[in-house]
Chemist: 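Input: one structure, supplied below.
One-based numbering, in listed order, for ligands and for the atoms of each. Please read these numbers as outputs of a predicted model, since none were measured by experiment.
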Amino acid sequence: MQDIVTNDACAVPFRDDGLEECAACLMCGSTAAELALSGVGDLYFHADPGSFAIQRCRACGSLWLPLRPVGERLVRAYSGYHTHTEHADPTVAPPAWREWIRAAYYRSLFPGVASPLDRLVGLGLAAIGYDTAGLDKELRFVPPPPAKVLDYGCGGGRFFRQLRGLPFQFYGVEYDPHLLSALADQGVHVEDTATITDERWDSEFDYITLAHVLEHVPDPVALLRRLFGWLKPGGALYVELPNAGATGLAIFGGTWRGLEVPRHFALPTRPALVQALEDAGFVVERQVIDPAARSLLWGESLAAAPEGERTAMQEAIAGAPSETQDNAELLIFIARRPAK
Ligand SMILES: [Zn+2]
């Protein structure tokens, strides 16, 4: 991720605290900002001891850190980070029967791959009225195999394991050397963010997934442009990240799970993300609302909040508006590179 710093507004004047200044909105480039939150700490991983301010862009509403970690301090902020340790924890594995049903359901979505038994499982889930929205979202709406799929920022390879058994061609990008070798051992074609070049993957992929990555990179707009070039004409990008316009932020403020200071450098609003995708050349096809996001993010946010604030937060939860495209906890979009 460190190889795409092109946002000149975040050039690095010398500081001795491991932070770099960032004067402009990472989504639209505006320098007109107001202080949204201050004194926000690393509540969820406790890897950075600092206390951070978060600015809101007056032009597009997106959030960003005006001071963010760099160099060794950034490396420390990722020590023990969940996507980098998940593969080592066998206790988080779901039960085998659920895995079997999930794999059969996934195969049932692709007629060229599904066995009669898989189709029966798909029909059975529909017949009992099982809500498959969560399963569909985990599959990230991939096109049918044998598509060439890149998971940019693939972490420990969780997405690849979910698709295991389906004849996709899997590619990954990561920066952590331990993960790179572990993924290569699993048969994933994996490249290092520090050395991958645009020539290597020009117009290469049918589908690229970018799940909880864009908020971590120093220049999200540059990354969207780069991935546009890595897609085949007609290919599509799946992008997922917390929403700067989320109801959860209004309820929980600095303890909202989506902030994850200081690893999240910027969060866009819905209009800002759509604009950035369109500016990169994409046609935005679809927005998905994750039905599980509120319970997950709000549960963790409430648990992290000071005890004295929880009653007011619970009252705010009870009176919260329904989830919409603008106030969803997560922005999830599928955007296509036009075929011509
Ligand atoms: Zn902006």
Chemist: Keeping Asn327 on the side-chain end and Ser322 on the backbone end, is there a donor-acceptor pair under 3.5 Å?
Modeler: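 Yes, the answer is positive, given that a donor and an acceptor are paired below the 3.5 Å cut-off.
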Chemist: Kindly assign one of parallel, tilted or perpendicular to the pair Tyr152 and Trp230, based on the angle between their ring planes and the thresholds 30° and 60°.
Modeler: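 Ring orientation, 0 to 90° scale: tilted.
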Chemist: Just to be sure I understand the site: which N, O or S atoms from the protein are less than 2.8 Å away from the Zn ion (ligand 1)?
Modeler: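 Near the Zn ion (ligand 1), below 2.8 Å, one finds Cys25 SG, Cys28 SG, Cys57 SG, Cys60 SG.
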Chemist: Counting N and O atoms only, with roles assigned by atom type, does the side chain of Arg310 sit under 3.5 Å from a partner on the main chain of Leu302, one being a donor and the other an acceptor?
Modeler: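 Present.
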Chemist: Scan residues 276-286 for pairs that pass side chain to side chain donor-acceptor pair (under 3.5 Å), counting only residues two or more places apart or in two chains.
Modeler: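 Pairs touching residues 276-286 that pass the test: Gln275-Asp279, Glu285-Arg336.
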Chemist: Looking at Thr132 and Leu135, would you say the former's side chain and the latter's main chain have a donor-acceptor pair under 3.5 Å?
Modeler: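 Checked: no pair found.
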Chemist: Salt bridge between Asp206 and Lys232, side-chain N to carboxylate O under 4.0 Å?
Modeler: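 Yes.
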